[in-house]
Enquirer: 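So that we are looking at the same thing, I have put the structure below in structure tokens.
Computed from heavy atoms alone, side chains included, the values below leave out hydrogens, waters and symmetry copies. This structure is a prediction, so every number in the text was calculated from the model and none was measured.
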Amino acid sequence: MNSQQDVIYGLMNELEEALDNKGFPLLGFSVVKKDTVTNILDKLYAALPDEIKEARALLRRKDELQYEAQQRAEKVVADAQSEANRLLSESDLLRAVQREAEKIKEQVITDCEEIKRKAMDEAESVRAQAADEASRIKDGANIYAEQVLTNLEQNLGQLQEIVKNGQVQLERRRIETDGQANYANQRPEYAQDFKMV
């Protein structure tokens, strides 16, 4: 199960890289080919745990099992009825056959109910496991997305601080440059030293 999670997380990273590769990062937009995303999603579906796939197969198989059990019951009842008709002339034997047919019918019905119950129990168990696994994957994806957004927020904060510091430095240089120009105007003999190149 751990390797399946690794595959799923790997595909999620691949999707994230595809989103980060191209676009307009300053505007918060990414440009990704539809085929790239579709391909990664197909791989994600293929990497889903076998329990989920088995649960879907069990649910499809449930109706088939019910139909087969019903067919068996009808065949057994029809066979017993045919045999009973053949032995109509012998009433004692006929009653015995009818009793046996009734037992077989009840047994088949019991067997069918048991098969149906087991199939439903197995399907419910697999569905619950699949739901738990899907919930864990979703929780992991949410945590990862939250971490990515937190890191992005921190990076943006650092970039904003760098921009502010740059603006302050430029303002200081402008003030210094203005001060040097004023000093040069007051003392023409030093004006040559403060010429802007």
Side-chain angles (χ1 to χ4, degrees), residues 1-20 30 32-150:
M1 184 62 70
N2 199 12
S3 64
Q4 285 179 329
Q5 287 179 351
D6 292 343
V7 169
I8 290 170
Y9 283 122
L11 290 169
M12 290 171 67
N13 286 336
E14 187 177 334
L15 182 59
E16 183 180 40
E17 288 172 8
L19 291 172
D20 287 341
S30 294
V32 183
K33 290 183 180 179
K34 182 179 178 182
D35 292 343
T36 301
V37 175
T38 303
N39 185 30
I40 294 170
L41 288 175
D42 289 343
K43 289 178 185 176
L44 274 171
Y45 285 126
L48 287 175
D50 290 337
E51 291 84 357
I52 293 175
K53 296 173 186 174
E54 290 171 9
R56 292 184 68 189
L58 278 174
L59 291 174
R60 285 194 300 268
R61 182 77 177 123
K62 180 189 78 161
D63 290 338
E64 294 173 8
L65 288 174
Q66 288 177 332
Y67 178 76
E68 289 173 8
Q70 183 65 33
Q71 292 290 37
R72 270 183 51 200
E74 289 175 4
K75 184 177 185 316
V76 168
V77 170
D79 290 346
Q81 188 64 45
S82 296
E83 186 64 18
N85 290 339
R86 191 178 67 80
L87 299 172
L88 273 175
S89 61
E90 304 173 25
S91 61
D92 289 341
L93 188 55
L94 176 60
R95 283 192 291 273
V97 168
Q98 286 173 337
R99 285 192 300 271
E100 189 62 26
E102 197 59 37
K103 285 181 190 176
I104 292 171
K105 179 181 175 183
E106 289 173 4
Q107 184 61 45
V108 168
I109 291 171
T110 302
D111 290 347
C112 290
E113 289 298 320
E114 183 64 16
I115 290 169
K116 178 181 174 183
R117 186 190 62 76
K118 285 182 180 177
M120 292 298 287
D121 289 348
E122 289 175 7
E124 180 59 28
S125 173
V126 171
R127 186 203 62 76
Q129 290 174 0
D132 288 346
E133 185 64 23
S135 177
R136 282 195 294 275
I137 291 170
K138 180 181 175 185
D139 291 345
N142 286 340
I143 289 169
Y144 179 76
E146 188 175 332
Q147 290 172 347
V148 168
L149 291 173
T150 300

Enquirer: Which residues pass the side chain to side chain donor-acceptor pair (under 3.5 Å) test with Glu146, sequence neighbours left out?
Expert: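 With neighbours one apart ignored, the set is empty.
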
Enquirer: Could you pull out all residues at least two apart from Glu102 that satisfy side chain to side chain donor-acceptor pair (under 3.5 Å)?
Expert: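 For Glu102, no residue satisfies side chain to side chain donor-acceptor pair (under 3.5 Å) once neighbours in sequence are set aside.
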
Enquirer: Which residues pass the side chain to side chain donor-acceptor pair (under 3.5 Å) test with Asp111, not counting sequence neighbours?
Expert: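 Asp111 satisfies side chain to side chain donor-acceptor pair (under 3.5 Å) with Gln107 once adjacent residues are dropped.
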
Enquirer: Using 0.5 Å steps for rounding, measure from the CD1 atom of Ile137 to the CG atom of Asp132.
Expert: 11.0 Å

Enquirer: Supply the atom-to-atom distance Gln66 CD to Met120 CE, rounded to the nearest 0.5 angstrom.
Expert: 8.0 Å

Enquirer: Just jot down the salt bridge (Lys or Arg N to Asp or Glu O under 4.0 Å) partners of Glu68, sequence neighbours excluded, or say none.
Expert: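 With neighbours one apart ignored, the set is Arg61.
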
Enquirer: Suppose we screen for side chain to side chain donor-acceptor pair (under 3.5 Å). Which residues come up paired with Asn13, at least two apart in sequence or across chains?
Expert: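 Here the qualifying residues are Tyr144.
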
Enquirer: Quick test of your reading: applying side-chain hydrogen bond (donor to acceptor under 3.5 Å, both in side chains), list the pairs with at least one residue in residues 112-122, sequence neighbours left out, ordered by first then second residue.
Expert: Glu114-Arg117, Arg117-Asp121

Enquirer: Let me check something: any side-chain donor-acceptor pairs from residues 71-78 under 3.5 Å, sequence neighbours excluded? List them with distances.
Expert:
from, atom 1, to, atom 2, distance (Å)
Gln71, NE2, Tyr67, OH, 2.4
Glu74, OE2, Gln70, NE2, 3.1
Lys75, NZ, Asp79, OD2, 3.0

Enquirer: What donor-acceptor contacts under 3.5 angstrom involve side-chain atoms of residues 35-44, with partners at least two apart or in another chain?
Expert:
from, atom 1, to, atom 2, distance (Å)
Thr38, OG1, Lys34, O, 2.8

Enquirer: Please give me the minimum heavy-atom distance between Ala119 and Leu65, naming the atom from each residue.
Expert: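 Looks like CB-CD1, 4.1 Å.
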
Enquirer: So, are Glu106 and Lys103 salt-bridged, with charged N and O less than 4.0 Å apart?
Expert: no

